[in-house]
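Accompanying notes for the structure given below.
What you see is a predicted model; the values in this text were computed from it and never measured. All values below come from the heavy atoms of this structure, side chains included, with hydrogens, waters and symmetry mates left out.
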There are 2 protein chains.
Amino acid sequence: MAQAPLSPHQIMIRKLQSIFTLTSEEEQALLSLPIQTKDLEANQDIARVGDQPNQCCLIVEGFTCVHKISAEGKRQIIALHVPGDIPDLQSLHLHVLDINITSITRCKLGFIKHSDMHQLCEQYPRLTAAFWRETLVHASIFREWLLNIGRREAYARIAHLLCEILLRLKAVGLTEEKTFHMPMTQAEMADATGMTPVHVNRVYQALRADGLISTEKSQMTLPDWNKIQQAGEFDPLYLHIKKQATS
Amino acid sequence: MAQAPLSPHQIMIRKLQSIFTLTSEEEQALLSLPIQTKDLEANQDIARVGDQPNQCCLIVEGFTCVHKISAEGKRQIIALHVPGDIPDLQSLHLHVLDINITSITRCKLGFIKHSDMHQLCEQYPRLTAAFWRETLVHASIFREWLLNIGRREAYARIAHLLCEILLRLKAVGLTEEKTFHMPMTQAEMADATGMTPVHVNRVYQALRADGLISTEKSQMTLPDWNKIQQAGEFDPLYLHIKKQATS
DNA sequence: CGCAAAATTGAAAACAATCAAATATGGTGG
DNA sequence: CCACCATATTTGATTGTTTTCAATTTTGCG
């Protein structure tokens, strides 16, 4: 049941449960957190370098990305965010944003005031640990991306990223078997992998020819998990997901 | 007064003070934290992928790095750590290490039990925030490295990393004007920037020819801060250092 | 049906990797 | 203090993945 439209609180809890075990009391507390939702078109800025937000942004539906622009004007996508993620959770303790956050697709966002977060964490110290852990898992993903971009060749790099997206969507119940909704353009994949769009296109073709991916509209299928996992040198340890269903 | 031999507690406090304002009560609490020190030769493993440490490792003297090895056997240095840093602070909440930690130089390390850290944080919630912030600053550095490796060409990439090292050492008082002790070999710089040692060597020569760096033994000098900052597209915002002395 | 965005193709250029040696350096023991 | 050795740096020639540039084709959507 991919794309089931969950409420902001439900998706947040599902995501946290995938990396941390919440008690029902803690779930209750999360459910009472005030969240204000907002819909957004694709390719809209959510926040920008230099901003000093007083709220966090929960992805409820859609994809967003965090990116930086070099002085030469080149864009690097630093992170992808799927439903359940909070791209600017760091802003709780780093008060000036050093990144841009932009929607990739149409999105439903949930905004949570810093003050409400701080109050909740004060009251439930285990939730502090849960959110801290959430930021640490994202840091772990940054580390794996560094290896991916710094030391893997293009073919493995793309394969690796596709494996990651599948597992992260699976963790929040947004996949259908080996198929998932993949809204990123090849140009966006290029920005995420430190490549050019042209080269991404050529690697996609190679992956298709080798039977590692098949695409139809914006549906991406990874028909042979073992093969693509091997091609991408993919080991899901770094995602620190509790229950690992990689079937 | 570079290389002044500070105690483990002193260097930890100095580092935290560079990104967070500690009260004297909090400093007192940190001073009473049990830390067991250990000396280590260069190029020794401190921890490895898969480990489940029950302690954190504070760098007191020397340089260490965090790295990952690809399936092809290529190494990517993910992070550098200088005195005051705690490379595996994440292990407080991510119980299985997804990285290797290795000494670059001879080091003095301080080990702090997780249980002592948890107890301290429970007692002083602002210290939880301080350590959380410390992990977030390191995550911010990962993000900048992603931009550096993904989108900057070799010349800028090296320049950027050298700027970062200077500022990070300055934050803990380990620089002499524009000069600092730079113990990394060119091969290690290559692993940190996703390049080959040969190419690092050629970029170093270009930087020397352009008057952006000068090296003598393992002393590195950046004679013209403005020029190298520009060459490396370096903006220190991402370091989130409180008092910024970039003279 | 029409249009803008995205994907695809081909050819040429460039940055960086690779391979293989040669030179220099720093630390050690005699 | 010097010779020696392992390590690190440097050099040159070649190869190769990836980028760049410039179309062309396809797709999705109103």
* Under 4.5 Å between any side-chain heavy atoms of B:M189 and B:I77, yes or no? -> no
* Asked: Can you find a heavy atom in the side chain of A:I101 that is under 4.5 Å from one in the side chain of A:D88?
  -> yes
* Could you pick out which residue, A:G194 or A:K217, lies toward the 5' side of DNA chain D when each is mapped onto its nearest nucleotide? => A:G194
* Work out how much the helix from C:dC1-D:dG30 to C:dG30-D:dC1 bends between its end axes, five pairs an end, to the nearest 10 degrees. =>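 The end-segment axes of the helix from C:dC1-D:dG30 to C:dG30-D:dC1 are tilted 50° relative to each other.
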* Asked: Taking atom CD of B:Q55 and atom OG of B:S91, what is their separation to the nearest 0.5 Å?
  -> 8.5 Å
* State which residues pass salt bridge (charged side-chain N to carboxylate O under 4.0 Å, His left out) with A:R157; sequence neighbours excluded, sorted by chain then number. =>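 Per chain and number, A:R157 pairs via salt bridge (charged side-chain N to carboxylate O under 4.0 Å, His left out) with no residue.
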* Without hydrogens or angle criteria, can the side chains of B:H160 and B:E144 be said to hold a donor-acceptor pair below 3.5 Å? -> yes
* To do: For A:N201 and A:Q205, test the side chains for any donor-to-acceptor distance below 3.5 angstrom and give the result as yes or no.
  => yes
Figure out the [atom1]/[atom2] separation between [X] and [N], and round it to whole Å.
{"X": "A:K74", "N": "D:dT19", "atom1": "NZ", "atom2": "P", "value": "9 Å"}
{"X": "B:E72", "N": "C:dA17", "atom1": "CD", "atom2": "P", "value": "15 Å"}
{"X": "B:Q186", "N": "C:dA17", "atom1": "CD", "atom2": "P", "value": "14 Å"}
{"X": "A:R151", "N": "D:dT18", "atom1": "CZ", "atom2": "C1'", "value": "16 Å"}
{"X": "A:L207", "N": "C:dA7", "atom1": "CG", "atom2": "C1'", "value": "15 Å"}

* Which residue, B:R106 or B:E153, contacts DNA chain C at a nucleotide closer to its 5' end, judged by nearest heavy atom? -> B:E153
* DNA chain D-proximal residues of residues 195-206 of chain B, any heavy atom under 4.0 Å ->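 Within this stretch, B:V198, B:N201, B:R202, B:Q205 sit under 4.0 Å of the strand.
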* Closer than 4.0 Å, any side-chain N/O of A:R208 to the OP1 or OP2 of C:dT8? -> yes
* Go through the steps for A:T37 and A:L109 under the test side chain to side chain contact (heavy atoms under 4.5 Å, CB included), then give the verdict. => CA-CA 5 Å; A:T37 64; A:L109 305 178; over 6 Å; no
* Geometric class of the A:H81/A:H138 ring pair [parallel <30°, tilted 30-60°, perpendicular >60°] -> tilted
